[in-house]
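Here's the structure, in structure tokens; my notes come after.
Just so you know, ligand 1 is whichever comes first in the structure, and atom 1 is the first atom listed for that ligand.
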Amino acid sequence: MADHAVVIAGGGPTGLMLAGELALAGVDVAIVERRANQDLVGSRAGGLHSRAIEVLDQRGIADRFLSQGKLFQVVHFHIPLDISDFPTRHNYVLGLWQNHIERILAEWVGELAVTIYRGREVTDIAQDDTGVDVALSDGQSLRAEYLVGCDGGRSLVRKAAGIAFPGWDATTSWLIAEVETAEEPKWGFHQDALGSHGIGKVENGGSARMVLTEQPLRPGSEPTLRDVSEALVAVYGTDYGIHSPTWISRFTDMTRQAAAYRDRRVLLAGDAAHVHPPVGGQGLNTGVQDAVNLGWKLAQVVKQASPESLLDTYHAERHPVAARVLHNTMAQVALRRPDDRTKALGETMSELLGMDEPRRRIAAMMSGHPLRSRRGTQAARTTHARSGSAHRQRPAAGLYPAA
Ligand SMILES: Cc1cc2nc3c(=O)[nH]c(=O)nc-3n(C[C@H](O)[C@H](O)[C@H](O)COP(=O)(O)OP(=O)(O)OC[C@H]3O[C@@H](n4cnc5c(N)ncnc54)[C@H](O)[C@@H]3O)c2cc1C
């Protein structure tokens, strides 16, 4: 049995960020990751919001991400919202797919010499007064002072710790697929009586990435190429001769949050603590910020520089933030409904968001910032006007910040 001060279940974006934070603080930390390497099938998150980039900047690694993506000075909440007047150096969204974000984080964690047990799963946990025994799928086990579940929405750690995951069941499901097409598809966004749909080009390739609202709702089941074909025919009247899929997945608007982020020596972060639909591109970003809030606190406690009660401030500070993310994604999904009354509500919302104060408030929330004071925003606007807007590009659209 190997001993570590902290074991992290799951080496996705949240687990990697947390491992980096702990390693920087000199804590002996290890990750257990099911995947044999960092490769990710499919696209998932499309970028980093302003606050997450600020946090990476504080660690001296923001440029590693910025040099590989595209900058957009808008965030989405129902409509594109300008953030060029935000009082930050990083007044933009970075468009960068999750596989690149994970690769860069994994390289950083590698430099910090974090132990990663790859190709095996956490299968069970048992905690006592001094630590946690972590059983692995290869029959081995680890002993840790603290275990953090960063193992995604279906978190085994959350379930094994008996932490409730209350919330709302799915009302809508979407198919997401990356496929080849025999004919040129209708690129861009399309709204109809079923909902909104989108088809875009996959970076560095000839294939298409499509997100299609499904009717009826089909949560839980594994989607097939035939499902994608039927969904395309229902929306566009043709399946464009799709073939050779590299990724087919289904996501829903199921919305849930862990009732507690800590049970004694077990903590939760990222999707293990909160799941919601990907509108506005907030999941990965929220997980990275969970990790940064938790990392230094856990380091302090492990080094006995602070009392254990410091860990309770993690729940107190981060649970309300994710609760607000869940709330805003529910609102955004509702605003996408295609009936006339929802359209009227959406037009009213667009009118409100056209005003300065509502735009700033909602855009700050989407960017992961606490609400800034009017004075700060005004000062930044003056600086911004002097320096010019170097990053302004076409607005990003859709489910991702920068698809
Ligand atoms: C279609 C789609 C689009 C999205 N778009 C965006 C977006 O634009 N912006 C955004 O911020 N977010 C977006 N998200 C959400 C984002 O992908 C997630 O919020 C993010 O991946 C969460 O990171 P995580 O590290 O908490 O969990 P995960 O990425 O799920 O990582 C969990 C890790 O744990 C591992 N694991 C699981 N169980 C075990 C176990 N028992 N033992 C060991 N390892 C285990 C997994 O292999 C995985 O590597 C999107 C999601 C989807 C599905």
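Around the CD atom of Glu222, the shell of radius 6.0 Å holds no more than 12 heavy atoms that belong to other residues, nucleotides or ligands. Around atom NE2 of His243, more than 12 heavy atoms belonging to other residues, nucleotides or ligands sit under 6.0 Å away. Around CZ of Arg59, the count of heavy atoms belonging to other residues, nucleotides or ligands within 6.0 Å exceeds 12. Counting non-hydrogen atoms of other residues, nucleotides and ligands closer than 6.0 Å to CD of Glu351 gives a total of 12 or fewer. Within a 6.0 Å sphere centred on CD of Gln58, heavy atoms belonging to other residues, nucleotides or ligands number more than 12.
Residue-ligand proximity, Glu121 to ligand 1, at heavy-atom distances under 4.0 Å covers atoms 42 (N), 43 (C). Short contacts between ligand 1 and Val122, defined as distances under 4.0 Å to a heavy atom of the residue, involve ligand atoms 40 (C), 41 (N), 42 (N), 43 (C). Near Ile176, meaning under 4.0 Å from any of its heavy atoms, are these atoms of ligand 1: 1 (C). Close contacts between ligand 1 and Gly281 involve ligand atoms 7 (C), 8 (O), 9 (N), 10 (C), 11 (O) [criterion: under 4.0 Å to a heavy atom]. Atoms of ligand 1 lying under 4.0 Å from any heavy atom of Cys150, numbered from 1 in the order shown and given with element: 32 (C), 33 (C), 34 (O). The Gly270 neighbourhood of ligand 1 comprises atoms 26 (O), with distances under 4.0 Å to a heavy atom of that residue. Listed by number with element, the atoms of ligand 1 under 4.0 angstrom from any heavy atom of Phe251 are 1 (C). Numbered from 1 in the order shown, with element, the atoms of ligand 1 that lie under 4.0 Å from a heavy atom of Glu33 read 33 (C), 34 (O), 35 (C), 44 (N), 46 (C), 47 (O), 48 (C), 49 (O).
In this pair, Tyr314 and Tyr261 present their aromatic rings tilted. The plane angle is within the 30 to 60° band. Ring planes of Trp174 and Phe251: parallel class, angle under 30° (limits at 30 and 60°). Tyr92 and His90 have perpendicular rings, their planes meeting at more than 60° on a 0 to 90° scale where under 30° would count as parallel.
Among the atoms of Pro13, some N or O lies under 3.5 angstrom from an N or O of ligand 1. Of the N or O atoms in Gln98, one or more lie within a sub-3.5 Å distance of an N or O in ligand 1. Here's the thing with Arg44: one of its N/O atoms is less than 3.5 angstrom from an N/O atom of ligand 1. Here's the thing with Gly46: one of its N/O atoms is less than 3.5 angstrom from an N/O atom of ligand 1.
Closest heavy-atom approach to atom 34 (O) of ligand 1 within the set Gly283, Ala36, Gly10: this belongs to Gly10. Scanning Asp151, Ile101, Leu284 for the heavy atom closest to atom 36 (N) of ligand 1 points to Asp151. Heavy-atom proximity to atom 24 (P) of ligand 1, evaluated over Thr14, Val134, Val32, is greatest for Thr14.
Not a single heavy atom of Gly287 sits closer than 4.0 Å to an atom of ligand 1. Heavy atoms of Ala9 come nearer than 4.0 angstrom to ligand 1 in no pair at all.
Within the 4.5 Å cutoff, side-chain heavy atoms of Ser50 are placed close to those of His369. Considering only heavy atoms from C-beta on, Leu22 stays 4.5 Å or farther from Trp296 through its side chain.
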Side chain to side chain contact (heavy atoms under 4.5 Å, CB included), that's the test. Do Ser207 and Glu180 meet it? Break it down for me.
CA-CA 5 Å; Ser207 49; Glu180 304 285 336; 3.7 Å; yes
